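Please read the structure below before turning to the comments.
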Amino acid sequence: MSIFEAYDSEFSALSQDISKNISEFRSYSSNAEKSSNLVKHVDALLIQAGDLVKQMEVEIRSHDAATRKVLSDKIAQYKKSLASLRSDFEKARMEAQRASLVGDKSAADRSRYVSANEKLNRQNETIMNAQRSVAETEDVALEITQELGRNREKIESAQGKVHEFAGMTDTARRLIHSMSKREVQQKFILVFIALILIGAIGFVIYYTTK
């Protein structure tokens with residue numbers, strides 16, 4: 001095997017290895033550490049492949065014109081293939097960077113969503129606590145209102161009894177006053193009758209002794 005053929009075989013192996021790593025690089029786009037290591041590895045492989053092409057260009061100078069023409073055409077194809085690999089690698093790296101940015105943005109969005117959701121949950125809990133406090137206050141107010149109603153009924157009942165007792169007192173007072181008045185009248189009548197009797201007795205005694 002000639003030196004150029006060895007270079008050619010090594011370049012083909014490098015090209016396959018680069019293509020394989022570019023495909024793996026796309027699958028590692030979400031892993032920053034693996035992506036960084038793979039970028040360094042592919043960069044080294046591309047440099048190695050570029051150096052190999054330069055060695056090929058040096059090597060063909062020792063060949064005759066006809067052979068050099070054939071090998072130069074092959075080297076030109078290798079350069080195009082190497083340029084295509086570099087282009088694919090740059091595209092894959094840019095896609096990975098965009099994916100990383102989107103991932104970071106998604107993580108930030110998730111963080112904001114979680115934070116907003118927690119804040120909303122706290123607000124809902126505060127509202128529920130306030131509603132419970134209002135309900136408890138309404139229950140206490142209702143109990144106080146009911147107690148006031150019961151006390152009002154008791155007061156009204158007591159007032160009714162007071163009025164009833166006052167009426168009975170007035171009746172009793174009138175009755176006592178009437179009885180006292182009747183008693184005075186009876187005393188006057190008795191005194192009057194007694195005077196009449198005394199006068200009559202006196203009159204009888206006077207005429208009987210005359």
Side-chain angles (χ1 to χ4, degrees), residues 1-140:
M1 178 184 292
S2 64
I3 295 175
F4 188 88
E5 288 175 345
Y7 288 159
D8 181 76
S9 178
E10 186 177 355
F11 184 84
S12 296
L14 281 173
S15 297
Q16 292 177 1
D17 195 11
I18 292 169
S19 296
K20 179 182 176 182
N21 280 277
I22 289 173
S23 298
E24 291 179 356
F25 182 73
R26 288 191 175 96
S27 64
Y28 291 155
S29 59
S30 59
N31 191 317
E33 183 178 357
K34 288 185 178 180
S35 295
S36 178
N37 293 334
L38 202 56
V39 165
K40 294 177 182 178
H41 181 61
V42 174
D43 276 335
L45 291 177
L46 287 170
I47 291 172
Q48 186 178 347
D51 291 340
L52 194 60
V53 170
K54 291 178 181 178
Q55 291 174 7
M56 288 181 185
E57 289 177 332
V58 173
E59 174 61 24
I60 65 173
R61 293 175 184 173
S62 60
H63 291 273
D64 58 72
T67 304
R68 193 164 54 250
K69 176 67 172 59
V70 173
L71 297 179
S72 293
D73 291 340
K74 185 174 288 191
I75 291 172
Q77 291 296 324
Y78 290 161
K79 286 182 178 181
K80 289 181 180 180
S81 176
L82 186 58
S84 178
L85 289 173
R86 285 197 179 100
S87 177
D88 291 342
F89 174 63
E90 289 300 324
K91 288 179 181 178
R93 181 160 60 179
M94 290 179 66
E95 288 175 0
Q97 289 175 348
R98 284 196 297 270
S100 177
L101 290 174
V102 171
D104 292 340
K105 183 178 179 181
S106 297
D109 289 341
R110 284 194 298 271
S111 178
R112 284 194 294 271
Y113 172 76
V114 170
S115 177
N117 195 36
E118 290 176 350
K119 184 177 180 181
L120 181 60
N121 288 335
R122 288 194 298 270
Q123 291 175 346
N124 288 336
E125 186 175 356
T126 301
I127 292 171
M128 290 177 67
N129 290 334
Q131 289 176 341
R132 282 195 293 268
S133 298
V134 170
E136 291 174 358
T137 302
E138 288 178 348
D139 290 341
V140 172

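We're numbering straight along the sequence, starting at 1. Just so it is clear, the structure is predicted and the values come from calculations on it, not from any experiment.
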Handout entry: Test item: D17 side-chain N/O and A13 main-chain N/O as donor-acceptor pair under 3.5 Å
Key = no

Problem - Spatial distance of atom CD1 (I60) from atom CZ (F4) [nearest 0.5 Å] - result: 6.5 Å

Handout entry: Contact check, side chains of K74 and M56, non-hydrogen atoms, under 4.5 Å
Key = no

Practice task
Give, for atom CD of Q77 and atom OG of S72, the distance between the pair rounded to the nearest 0.5 Å.
Solution key: 12.0 Å

Completion exercise
Output for pair (N21 CG, F89 CZ), nearest 0.5 Å, gives 9.0 Å

Completion exercise
What one should report as the nearest heavy-atom pair of F11 and L52 is N-CD2, 3.3 Å

Exercise for the section: Not counting sequence neighbours, which residues clear ring pair (Phe, Tyr, Trp, His ring centres under 6.0 Å) with Y7? List them please. Expected result: none

Completion exercise
When rounded to the nearest 0.5 Å, the distance separating CD of E90 from CG of L46 is 8.5 Å

Completion exercise
Taken to the nearest 0.5 Å, the spacing of I18 CD1 from S81 OG works out to 8.5 Å

Practice task
Could you grab the distance from atom CG of L45 to atom NZ of K20, nearest 0.5 Å is fine?
Solution key: 11.5 Å

Practice task
Provide the closest heavy-atom pair for L85 versus S19 in the form atom of the first, atom of the second, distance.
Solution key: CD2-OG, 3.3 Å

Completion exercise
Here the salt bridge (Lys or Arg N to Asp or Glu O under 4.0 Å) pairs for residues 48-67, sequence neighbours left out, are E57-K79

